[in-house]
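Since the structure comes first, as structure tokens, the remarks are kept for the end.
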2 protein chains.
Amino acid sequence: MAYSVKEVAEKFQISPHTVRYYTDLDLIPGVERDLNNRRVFGDAALGWLKTIIAFRTAGMSVESIQNYLALYEKGDATIPERYELLVVQQQAVAEKLEELRKQMNVINEKVATYYDRIHRSSSRS
Amino acid sequence: MAYSVKEVAEKFQISPHTVRYYTDLDLIPGVERDLNNRRVFGDAALGWLKTIIAFRTAGMSVESIQNYLALYEKGDATIPERYELLVVQQQAVAEKLEELRKQMNVINEKVATYYDRIHRSSSRS
DNA sequence: TACTAAGTTCGAGTTACTCGAAGTCAACCC
DNA sequence: GGGTTGACTTCGAGTAACTCGAACTTAGTA
């Protein structure tokens, strides 16, 4: 129900530094402080962080995420706008995936070439 | 056969700045200068650049690429070592692809939820 | 001859961390 | 109570890989 920086970092496999960094940028709504000024994360905060990590992994900038949050904070009227933003992002990830797949092939080919060079006696570069 | 910075940049969809940056780091073997001190890229250089972009897209650091090149320059004796390096890299890309696919799903779900919120009358967050 | 479009170097700026220092604080041990 | 540990705090600096702009050169065209 209530988690510390370290617990959150472990849960999401990121460094405590990064967790603090995100809170300092107000990227995670609903993070409170306890009596000792320590960050306390509730389940809602964890949910947000999950989304934020997905966005970041997908290449969305911190600034765009802040824009998304600003829309969220303006209430339900911004739902269509947020939806648009997400769809654009979805498209961007799809492209990124495609790009990565292509480059994966380039590397696969290179590995195959080296494999041949090593396991047969003669061949090309 | 011989290409300028701009031509190379267009061919690979990267900025001329980045092309120069890579040559300055000696990331691309075989880039010469013409009488006006301008960078000249041959077909071999283009081949290298293709590989380098694949490595970079796949998340390999510039430093690792430099290590790979250093091995290359030491000759055929380093082929097994280069092969090992490539296989490790291949593994890393595979993981990255998997990770990206996962985060794509997170975003897909969010998009679907928003879609529901907009197209049906009532629902959850 | 002037303009344009490319090139050059160099140094500064940007993004998203990443690290380390210096200090606070609760919990445990003896 | 004193000492150590471990996790927390802020803050400022460092890093990677671009990214940009300034100031300048040079070749080609009008």
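Sequence lines set the chain letters: A, B, ... in the order given, protein chains first and strands last, and positions in each chain run from 1. This is a predicted model, so every value here is computed, not measured.
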Are side-chain N/O atoms of A:Asn108 and B:Gln90 paired as donor and acceptor at under 3.5 Å? yes

Is any side-chain N or O of A:Arg38 closer than 4.0 Å to OP1 or OP2 of D:dA7? no

Closest to side chain of A:Arg20, choosing from C:dC17, C:dT9, D:dT9: D:dT9

Does B:Asn37 or A:Met60 map to a spot on DNA chain C nearer the 5' end, using the closest nucleotide for each? B:Asn37

Calculate the interatomic distance between A:Asp34 atom CG and C:dT24 atom C1'; express it in whole Å. 13 Å

Can you check whether A:Arg33 has a side-chain N or O nearer than 4.0 Å to OP1 or OP2 of D:dC8? no

Give a yes/no answer on whether the side chain of B:Arg56 brings an N or O atom under 4.0 Å of OP1 or OP2 in D:dC18. yes

Mapping B:Ser61 and A:Asp24 to their closest nucleotides on DNA chain D, which lands nearer the 5' end? A:Asp24

In whole Å, what is the span from the CG atom of B:Leu35 to the P atom of D:dT26? 12 Å

Determine: side-chain N/O of A:Ser15 to OP1/OP2 of C:dC17, distance under 4.0 Å, yes or no. no

Write down the distance between CD1 (A:Ile52) and P (C:dC17), rounded to a whole number of angstrom. 11 Å

Examine C:dT9: is either OP1 or OP2 under 4.0 Å from a nitrogen or oxygen in the side chain of B:Arg39? Give yes or no. yes

Round to the nearest Å and state the distance from A:Lys6 atom NZ to C:dA26 atom C1'. 15 Å

I'd like to check B:Tyr72 versus B:Thr78 (side-chain heavy atoms, cut-off strictly below 4.5 Å). Are they in contact? no

Of C:dT8, C:dA16, D:dA7, the nucleotide closest to the side chain of A:Tyr21 is C:dA16

Before accepting this row, confirm whether a basic side-chain N of the pair B:Arg117/A:Asp76 lies closer than 4.0 Å to the acidic partner's carboxylate O. yes

Length of the CD-C1' vector between B:Glu32 and C:dT8, whole Å: 17 Å

Can you tell me if B:Asn36 touches the phosphate of D:dA27, counting only side-chain N or O atoms and a distance under 4.0 Å to OP1 or OP2? yes

Which nucleotide in the list D:dT26, C:dC17, C:dC19 gets nearest to the side chain of A:His17? C:dC19

Answer yes or no: does a side-chain N or O of B:Tyr22 lie under 4.0 Å from OP1 or OP2 of D:dA17? no

Over how many whole Å does the gap from B:Ile53 atom CD1 to D:dA17 atom P extend? 15 Å

Measure the acute angle between the ring planes of A:His119 and B:Tyr83, then classify it against the limits of 30° and 60° as parallel, tilted or perpendicular. perpendicular

Do side-chain atoms of A:Thr113 reach the backbone of A:Glu109 as a donor and acceptor pair under 3.5 angstrom? yes

Nearest-Å distance for atom pair CD1/P, residues A:Ile14 and C:dT18: 10 Å

